[in-house]
> 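Next up is a structure, given as structure tokens.
Treat the numbers as computed from the prediction; the structure is a model and nothing was measured. Numbers for residues simply follow the sequence, beginning at 1.
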Amino acid sequence: MAHPKGLLMERLKKLGIGKPEFRTDNTGPEHQPTFLSDILVDGEVYGTGQGPTKREAERLAAEEALAFLERNPVQGVPAAGNATETLDDGGFEGPWPVFEHLLATSLEVANERTDSRLAGSEARDAVREFALSLYKELLQDLGDVVEVDEEE
């Protein structure tokens, strides 16, 4: 099984929202320290973990950050599966079909083509907006998508 820190870095890269910053402090006596780790992305805390080792604290913080991303999908980018969203271009209401490779490629292109002078939340918002417009355009080019329920 992949380590939560690696999974988090992959997820953030795919979403195009920056690299995580790990801030870890230790407290307690030297013979029995307690480590507290925060994971920040663009200055916002995504997860916190506490453990007897730095590695354990960071692992727990990464797990919490992944859960945070599941609960709070990036605007216009569903965490997994389908997302229901009202569009401003014609009133289409989801669920939107999610083609992971197409979505990831849209984010990569948007990240590469967004003005490199932008930083922080301004850059993240520009990448999201561009990626969403690319993704919507590609979905429209595909035409009507019929989803078939998978048999169990």
> Can you tell me how far apart CD (E122) and CZ (R117) are? Round to the nearest 0.5 Å.
10.5 Å
> How far apart are the closest heavy atoms of P20 and L12, and which atoms are they?
CD-CD1, 3.6 Å
> Out of curiosity, L40 CG to K19 NZ, how far, rounded to the nearest 0.5 Å?
16.0 Å
> Considering residues at least two apart in sequence or located in another chain, which fulfil the side chain to side chain donor-acceptor pair (under 3.5 Å) criterion with E64?
none
> Of the non-hydrogen atoms in A131 and A110, which two are nearest, and what is the gap between them?
N-CB, 3.5 Å
> Would you say that more than 12 heavy atoms from the other residues, nucleotides or ligands in this model lie under 6.0 Å from the CD of E21, or not?
yes
> Quick check on the hydrophobic clustering: are I17 and F22 connected, directly or via other members, by side-chain heavy-atom contacts under 4.5 Å?
yes
> To the nearest 0.5 Å, tell me how far L36 CG sits from N26 CG.
10.0 Å
> Kindly indicate whether the side chain of K13, heavy atoms from C-beta on, has any atom under 4.5 Å from the side chain of M9.
no
> Any non-hydrogen side-chain atom of K5 less than 4.5 Å from a side-chain atom of R59?
no
> Test of understanding: clusters of I, L, V, M, F, W, Y form through side-chain heavy atoms closer than 4.5 Å, transitively. Do L8 and L60 belong to the same one?
no
> For F130 and V109, work out which heavy atoms get closest and say how close.
CE2-O, 4.3 Å
> Are a donor atom and an acceptor atom from the side chains of T48 and D38 found within less than 3.5 Å of each other?
yes
> Would you kindly say whether T34 and Q50 are connected by a side-chain donor-acceptor distance under 3.5 Å?
no
> Could you list the residues that satisfy ring-ring contact (aromatic ring centres under 6.0 Å, His included) with F68, not counting sequence neighbours?
Y46
> Testing the basics here: between G51 and A57, what is the closest heavy-atom pair and its distance to 0.1 Å?
N-CB, 3.8 Å
> Got a sec, which residues hit salt bridge (Lys or Arg N to Asp or Glu O under 4.0 Å) with R55, two or more places apart in sequence or on another chain?
none
> On a heavy-atom basis, which atom in A61 and which in S37 lie closest, and how many Å separate them?
CB-O, 3.6 Å
> Measuring from atom CG of L66 to atom CD of E70, what distance do you get when rounded to the nearest 0.5 angstrom?
8.0 Å
> Hydrophobic clustering (ILVMFWY, side-chain heavy atoms < 4.5 Å, transitive) - are L7 and I39 grouped together?
yes
> Tell me whether K14 is salt-bridged to E10, with the criterion being a basic N under 4.0 Å from an acidic carboxylate O.
no
